[in-house]
Amino acid sequence: MSNREIRVRFAPSPTGPLHIGGVRTALYNYLFAKKQGGKFILRIEDTDQTRFVAGAEDYIIEAFRWCGIQFDEGVTKGGDFGPYKQSERKAIYRQYAEQLITSGQAYYAFDTAEELTALRKKYEAGKKTFTYNAAERKQLKNSLVLSEAETQKLLETNTPFVVRFKMPEDRIVRMDDLIRGEVTVHSNVLDDKVLFKSDGMPTYHLANIVDDHLMKISHVIRGEEWLPSLPLHILLYEAFGWEAPQFAHLPLLLKPDGKGKLSKRDGDRMGFPVFPLQWTDPKTGETSRGYREDGYFPDAFINMLALLGWNPGDEREIFSLEEMAEAFSIDRVGKSGSRFDPEKAKWFNHQYMLKTDNKELAGLFLPFIEKEGVMADIGYVEKVVGLVKERAHFVHELWEQSDFFFRAPASYDAKAVKKRWKQDSYNQMSALKVLLAGIDNFSSENTEAIVKKWMEENEYGMGVVLNAFRLLIVGALKGPHLFDIIALIGREETLRRLETGLHELGRKE
RNA sequence: GGUCCGUUCGUCUAGCCAGGUCAGGACGCCAGGUUUUCAUCCUGGUAACACGGGUUCAAAUCCCGUACGGACUACCA
């Protein structure tokens, strides 16, 4: 292992919205780079033109912007190793494919997709699996069996071709994975993968090796689904005579229940997002929800994701991005898949809600208040938020916890009335109104002291009086400390609500 | 089918590499406490080493096998 500069990349394919598993992969790359003082690069792998989806690349960029994950180089930032989009690097790849042909490690193949499909079907019918490998390549249409002249002629007449890797025979390929340790595979079970497609574009395998090499990538941290192609990649580095980067294959994100990996379906079924941002499919118009639109704080979302498969080795759970980077280590990433738990995601958001200062929270909450048709002073909202934030998991839940701070009850919860509006209530509340009207210092402490003293003197039960009082002020049996509420809404409003409430509920016979 | 990877409370996980703590923490859930309501908060509880062999004085930890799960098996990434 050399001590070259740490350079890692996230290389998504712009075929749709980014799955949170992809976000986590990017996050681990980012944390790894930050911890080591290295560079983090965004490369777009769009070598499959047939799978291009409009807007997907912008979505990916916007998703990371929202998450607060920044790239040091890439499509948005530029850098010394660009271009960072594979479709713009098209001219680069062919020469490398040809280099392998020249050195006898790859070959031209002229079999059409249809021919190969037919062949696979035929084998399947005989309960065998067709593999384009050493055992089969001699009976197929390629430059290994064709004469040089025949091959030349086919090429000159523009016959469609692909370039295949000539998989070495009888090799035991040993690989080192930073997470899984040593992995060994026999080359005879591998096939002659296509490196260069007939449309003039490289496949992932070629492009990924060439670009990682050219961009001086030191560590490839990617999803577990790539593990089966690791031997091919190792052999490709070997064929080119290049030093391979180090590899780490991350475990999968699993669905909350049942078996298998987390999919969009699970989110729809169980009511949680599997994408960072909302996404509308340009073809079907179908919309998928996103963490941002569902009201998650980006920090909470990232924090939650980071702990799904990695832990710091101590008992900390709440981390800023900087703290995570400081604590991050690839060997504290687990080997097994992590089941996604929507409940814990909410818990994380709640923790961030508590952490966020009231001023910032008030700013986030204000639009929701205005949506209810209420004009509110930001300083007032700040105080309200301070009183109710611990009762909500999301900013959008704040309104139902605090509506009574912004307008008087329009109705009174029927169950609460039945339970708490007793025969004595009317007289008690009338007397309380008079009592409160005489208080100048309407601070929470002061009104509480006076009202409690009054209750003691009259031998009124706390539960009876204060619940009835709450009912008139709030309209329901909810909300924070009652005296905090009336201190905030003020004496005039308190008296007004008592008056209205007394009139509405009246005397109970 | 083949290849490879994985398996500790319901969930996320610590412990495993350098065998020897009542297997620790968090989420959830349950109970109790605080409280004028609800929530928070505090205390306590629930609950796991997939199974079977082996090595060893001693195995969650090392080895083998089985089961189960997953990924891959395209001119997709």
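Just so we're on the same page: letters track the sequence lines, and every chain starts at 1.
- The gap from the C1' atom of rG33(B) to that of rU56(B) amounts to 49 Å, rounded to the nearest Å.
- For L250(A) and rA71(B), the CG to C1' distance is 14 Å, given to the nearest whole Å.
- The nucleotide rA14(B) finds no pairing partner, because no Watson-Crick or G-U wobble arrangement with both distances shorter than 3.5 Å includes it.
- Residue-level contact check: R51(A) touches the bases, meaning some heavy atom is under 4.0 Å from a base atom.
- Nearest-nucleotide assignment on RNA chain B puts the 5′-proximal partner with V183(A), out of G479(A) and V183(A).
- The aromatic ring centres of W226(A) and Y204(A) sit less than 6.0 Å apart.
- Separation of the P atoms belonging to rC62(B) and rU8(B) is 14 Å when rounded to the nearest angstrom.
- Between rA71(B), rC27(B), rU37(B), one nucleotide has an atom nearer to the side chain of W347(A) than all others, and that is rC27(B).
- Side chains of R222(A) and H249(A): a donor on one and an acceptor on the other come within 3.5 Å.
- Across the strands present, rU56(B) finds no partner; the criterion is a Watson-Crick or G-U wobble pair with both atom distances under 3.5 angstrom.
- Y291(A) places a side-chain N or O within 3.5 Å of a backbone atom of P273(A) that can act as its donor or acceptor partner.
- If you check every strand for non-hydrogen atoms under 4.0 Å, T112(A) touches a base.
- Counting non-hydrogen atoms under 4.0 angstrom, T50(A) reaches nothing in the nucleic acid.
- Under the Watson-Crick and G-U wobble criteria, each requiring two contacts below 3.5 Å, nucleotide rG32(B) is paired to rC42(B).
- The CG-P distance, from L471(A) to rU37(B), rounds to 14 Å in whole Å.
- Defined by atom type and a distance below 3.5 Å, a donor-acceptor pair is present between the side-chain atoms of Y107(A) and D192(A).
- Here the two rings, on W421(A) and Y412(A), have centers that are 6.0 Å apart or farther.
- Using a 4.0 Å cut-off, some side-chain N or O of R164(A) falls inside it from OP1 or OP2 of rC75(B).
- Taking side-chain N and O atoms only, K335(A) has no distance below 4.0 Å to OP1 or OP2 of rC4(B).
- For the C1' atoms, the distance linking rG6(B) with rC16(B) amounts to 15 Å, nearest Å.
- Across rC27(B) and rG45(B), the matching P atoms stand 15 Å from one another, rounded to whole Å.
- Between K197(A) and rC76(B), a side-chain N or O to OP1/OP2 separation shorter than 4.0 Å is present.
- Using modelled atom types, one finds a donor on one side chain and an acceptor on the other under 3.5 Å when comparing N303(A) with Y352(A).
- Rounded to whole angstrom, the span from the CG atom of L252(A) across to the C1' atom of rC72(B) amounts to 11 Å.
- The CG atom of L119(A) sits 14 Å away from the C1' atom of rA74(B) (whole-angstrom rounding).
- With rounding to whole Å, N133(A) atom CG is found 12 Å from rA74(B) atom P.
- Between the P atom of rA77(B) and the CD1 atom of I60(A) lies a distance of 14 Å, rounded to the nearest Å.
- Among the heavy atoms of the strands, none lies under 4.0 Å from K193(A).
- V185(A) comes within 4.0 angstrom of the backbone, heavy atoms only, and of no base.
- Judged by closest nucleotide on RNA chain B, F483(A) is the one of V194(A) and F483(A) placed further toward the 5' end.
- Using P as the reference atom, rG25(B) and rA47(B) are 14 Å apart when rounded to the nearest Å.
- Residue contacts shown for G181(A) are absent, as no nucleic acid heavy atom lies under 4.0 Å away.
- Between rG24(B), rA71(B), rC5(B), one nucleotide has an atom nearer to the side chain of R180(A) than all others, and that is rC5(B).
- Within the nucleic acid shown, D192(A) has no heavy atom closer than 4.0 Å to any nucleic acid atom.
- Per the geometry, CD1 belonging to I179(A) stands 12 Å off P belonging to rU7(B), to the nearest Å.
- Using P as the reference atom, rU43(B) and rC17(B) are 34 Å apart when rounded to the nearest Å.
- Y296(A) has its ring centre less than 6.0 Å from the ring centre of F394(A).
- Atom P of rG69(B) sits at a distance of 38 Å from the matching atom of rC57(B), rounded to the whole Å.
- Relative to the ring axis of Y132(A), R164(A) places its NZ or CZ within 45° and under 6.0 Å from the centre.
- Remark: T117(A) is not in phosphate contact with rA74(B), judged by side-chain N or O atoms under 4.0 Å from OP1 or OP2.
- rC75(B): no Watson-Crick or G-U partner with both key distances under 3.5 Å is found in any strand.
- When the P atom is compared between rC29(B) and rA50(B), the two are found 27 Å apart, to the nearest whole Å.
- R120(A) has a side-chain polar atom (N or O) that falls below the 4.0 Å cut-off from OP1 or OP2 of rC75(B).
- The pairing partner recorded for rA67(B) is rU7(B), the criterion being a Watson-Crick or G-U wobble arrangement whose two distances lie under 3.5 angstrom.
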Hey, what are the protein-to-nucleotides 9-16 of chain B N/O distances that come in under 3.5 Å?
| unit_1 | atom_1 | unit_2 | atom_2 | d |
| --- | --- | --- | --- | --- |
| rC12(B) | OP1 | R339(A) | N | 2.7 |
| rC12(B) | O2' | L307(A) | O | 3.0 |
| rU13(B) | OP1 | G309(A) | N | 2.6 |
| rU13(B) | OP1 | S338(A) | OG | 2.5 |
| rU13(B) | O3' | N311(A) | ND2 | 3.0 |
| rA14(B) | OP1 | N311(A) | ND2 | 2.8 |
| rA14(B) | O3' | R332(A) | NH2 | 3.1 |
| rG15(B) | OP1 | R332(A) | NH1 | 3.3 |
| rG15(B) | OP1 | R332(A) | NH2 | 3.2 |

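- Rounding to whole angstrom units, CD of residue Q401(A) and P of rU40(B) are separated by 10 Å.
- Side-chain contact, E448(A) with H481(A): a donor N or O sits under 3.5 Å from an acceptor N or O.
- Note: Y59(A) and W279(A) meet the aromatic proximity criterion, with ring centroids under 6.0 Å apart.
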